[in-house]
Asks: 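Below: one structure in structure tokens.
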There are 2 protein chains.
Amino acid sequence: MSFPPKTDREAILGTALAIIETQGWSALSMRALGRTLGLRASSLYHHFPDRNAIEEALGSKASGSLLLALKSACLGLIGGPRIHALAEAYIDFALNNQALYNLVTTLPRSDENKPEGKALRDFFLETLNGDTSAAGALWAFLHGYASLHSSGRFDTTNATEVFERGLSAIVTDLVKKKNIL
Amino acid sequence: MSFPPKTDREAILGTALAIIETQGWSALSMRALGRTLGLRASSLYHHFPDRNAIEEALGSKASGSLLLALKSACLGLIGGPRIHALAEAYIDFALNNQALYNLVTTLPRSDENKPEGKALRDFFLETLNGDTSAAGALWAFLHGYASLHSSGRFDTTNATEVFERGLSAIVTDLVKKKNIL
DNA sequence: GTCTATAACGTGATAGAC
DNA sequence: GTCTATCACGTTATAGAC
């Protein structure tokens, strides 16, 4: 008689996501994972080589979720409205899924090979008509805004103003550089 | 004749900074601190209530260092050149003092009361002629750029281009909004 | 291959003796 | 102020049952 598998990679990642969402990033540990799954922490090492591997897999999953949210928000839109939708959906995701969002931007140290990371960049690039530097600048602004906002660096009264200002500055610059919207 | 104490708040913070700079953020622990200072970890609790208090103090110190670097770079400059100097000095500090910079932007959850955090914001505001939203947008862009750059999100070939593009977009927008430089 | 049990280690933190 | 001793916890690795 053999041991039926109590878990698999998907179950582990799903549980990890649940823990992160409900109790925050710091609550995610191998023991907590095993506890929730009904097994020992050491058993997890048969599915992932180490904690870092779980984090990287979570990062990929989170990137996929973010991309999905962005695509959904941009559905059927082009030009300026599409950029605005992208920006708002990005910030919305980042602020409402703080722990997950952190995984997207900090975790996969080299995401060049990761399909999710590339897909995210490509979607930015596509929405900005292939303007690489503008896409990078927009991404930088959005990430910075989300990051500073999350740590309470903006007054709630000024936050929206800052968002609109930065976004319009980048969009205006995009138009001026003759990349017609 | 007095007995010099083995340590004090300044010595602890200085040692903590040294550890972070040489071995990274993860190497900073109460035990490692005590080890380097030549005493037990438990003794540190007579100078700081807990680890978090040390981190907050470090964040304030790091903010001060950043502000100093910015002021030094902007010395004698006004208008556009001053903004460029500010931006370059900011990125330079962030990329060359990664662990310290992380403390500045993530650690003091509410820096409203912290004098260093306010001074940093005020310097941005002053350099941008009191334009609150532009100052916020610039800060967001710079922080986002530094953060994404640090985690290898930009190609080295495109990074400079992205930086110039975002900066010029915000500066141009500032001029257009009639805040003459 | 999957799981259990256990051990060794590092961590933040506290209590009490000197 | 500093020490020793101790706690509970998370991480990691190994040995072994099925």
Side-chain angles (χ1 to χ4, degrees), chain A residues 1-61 98-100 102-103 106-109, chain B residues 1-62 99-100 102-103 106-109:
Chain A
M1 213 152 197
S2 62
F3 278 105
K6 269 187 179 173
T7 190
D8 55 18
R9 288 179 62 100
E10 280 310 306
I12 293 175
L13 293 180
T15 305
L17 278 180
I19 291 178
I20 288 178
E21 281 169 357
T22 56
Q23 302 165 267
W25 170 257
S26 59
L28 180 66
S29 68
M30 302 299 269
R31 266 184 157 89
L33 258 178
R35 210 177 298 133
T36 311
L37 285 162
L39 40 79
R40 305 283 153 177
S42 54
S43 301
L44 300 171
Y45 289 86
H46 290 279
H47 301 275
F48 292 93
D50 55 17
R51 188 185 203 279
N52 192 55
I54 296 182
E55 292 178 354
E56 291 220 6
L58 281 177
S60 289
K61 262 184 121 63
Q98 218 161 312
L100 259 62
N102 270 344
L103 264 57
T106 67
L107 250 171
R109 265 64 169 128
Chain B
M1 215 165 208
S2 63
F3 292 94
K6 258 189 180 176
T7 192
D8 55 18
R9 288 179 62 99
E10 280 310 306
I12 292 175
L13 293 180
T15 304
L17 277 180
I19 291 177
I20 286 178
E21 281 170 357
T22 55
Q23 303 166 268
W25 171 257
S26 59
L28 181 66
S29 68
M30 302 301 272
R31 281 180 167 80
L33 257 178
R35 214 177 296 134
T36 311
L37 285 162
L39 40 78
R40 302 287 133 174
S42 57
S43 301
L44 299 171
Y45 288 87
H46 287 274
H47 302 275
F48 291 93
D50 55 17
R51 189 188 200 278
N52 193 55
I54 297 181
E55 292 178 355
E56 292 221 3
L58 281 177
S60 291
K61 260 185 122 63
L100 259 64
N102 270 344
L103 264 57
T106 67
L107 250 170
R109 265 64 169 126

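In what follows, every chain begins at residue 1, and chains take the letters A, B, ... in the order their sequences are listed. Nothing here was measured: the structure is a model prediction, and the numbers come from that model.
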Asks: Starting from the first five and the last five pairs of the helix from C/dG1-D/dC18 to C/dC18-D/dG1, work out the angle between the resulting helix axes, to 10 degrees.
Replies: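 Its terminal axes enclose an angle near 10°.
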Asks: Any idea which heavy atoms bring A/S43 and A/H47 closest together, and the distance?
Replies: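 Minimum heavy-atom separation between A/S43 and A/H47: O-CD2, 3.6 Å.
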Asks: Could you pick out which residue, B/H46 or B/A27, lies toward the 5' side of DNA chain C when each is mapped onto its nearest nucleotide?
Replies: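 Mapping each residue to its closest nucleotide by heavy atoms, the 5'-most match is B/A27.
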Asks: Under 3.5 Å, side-chain donor or acceptor atoms of residues 31-42 of chain B against the rest of the protein: list the pairs with distances, not counting sequence neighbours.
Replies:
residue : atom : partner : partner atom : Å
B/T36   : OG1  : B/A32   : O            : 2.8

Asks: Of the nucleotides C/dT11, D/dT2, D/dG10, which one has an atom closest to the side chain of B/L39?
Replies: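 My answer, after comparing the listed nucleotides, is D/dT2.
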Asks: Tell me whether the OP1 or OP2 atom of C/dA5 has a side-chain N or O from A/R40 closer than 4.0 Å.
Replies: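 Answer yes for this pair, as a side-chain N or O of A/R40 is under 4.0 Å from OP1 or OP2.
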Asks: Tell me the closest heavy-atom pair linking A/A99 and A/I20, and the distance in Å.
Replies: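 Shortest heavy-atom separation between A/A99 and A/I20 comes out as CB-CG2, 3.0 Å.
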Asks: Mind listing the closest non-hydrogen atom pair of B/F48 and B/A57 along with its distance?
Replies: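 Heavy-atom minimum between the residues: CE2-CB, 4.2 Å.
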Asks: In whole angstrom, give the distance that lies between atom CZ of B/F48 and atom P of C/dA13.
Replies: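 Taking CZ of B/F48 and P of C/dA13, I get 13 Å after rounding.
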Asks: For A/N52 and A/E55, what are the C-alpha separation, side-chain angles and deciding distance, and is it a side-chain contact (heavy atoms from CB on, under 4.5 Å)?
Replies: CA-CA 5 Å; A/N52 192 55; A/E55 292 178 354; 3.7 Å; yes
Asks: Which pair of heavy atoms, one from B/T106 and one from B/N102, lies closest together, and at what distance?
Replies: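 Taking every non-hydrogen atom into account, OG1-O, 2.6 Å.
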Asks: Given A/L17, which partner from the list A/L103, A/L28, A/T22, A/L58 fulfils the side chain to side chain contact (heavy atoms under 4.5 Å, CB included) test?
Replies: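 Only match with A/L17 under side chain to side chain contact (heavy atoms under 4.5 Å, CB included): A/L58.
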Asks: For nucleotides 12-14 of chain D, give me every protein contact, N/O to N/O, under 3.5 Å, one pair per line with atom names.
Replies:
residue : atom : partner : partner atom : Å
D/dT12  : OP2  : A/Y45   : OH           : 3.3

Asks: Without decimals, in angstroms, what is the distance between B/L44 CG and D/dT4 P?
Replies: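 After rounding, the gap between these two atoms is 14 Å.
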Asks: Specify the separation, in whole Å, of atom CH2 of A/W25 and atom C1' of D/dG10.
Replies: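 To the nearest whole Å, that distance equals 14 Å.
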Asks: OP1 or OP2 of D/dT2 less than 4.0 angstrom from a side-chain nitrogen or oxygen of B/H47, does that happen here?
Replies: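 Yes, such a contact exists.
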Asks: Could you walk me through whether A/M30 and A/Y45 satisfy the side-chain contact (heavy atoms from CB on, under 4.5 Å) test, starting with their C-alpha distance in whole Å, then the side-chain angles of each, then the deciding distance to 0.1 Å, before giving a yes or no?
Replies: CA-CA 9 Å; A/M30 302 299 269; A/Y45 289 86; 3.3 Å; yes
Asks: Round to a whole Å and report the spacing from CG of B/L33 to C1' of C/dG10.
Replies: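 Rounded to the whole Å, the gap is 15 Å.
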Asks: Considering only NZ, NE, NH1 and NH2 on the basic side and carboxylate oxygens on the acidic side, decide whether A/K61 and A/E56 come within less than 4.0 Å.
Replies: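 Not counted as a salt bridge, because no side-chain N and carboxylate O are separated by less than 4.0 Å.
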Asks: At less than 4.0 Å, is any side-chain N or O atom of A/S43 found next to OP1 or OP2 of C/dT2? Yes or no.
Replies: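 For C/dT2, neither OP1 nor OP2 has a side-chain N or O of A/S43 closer than 4.0 Å.
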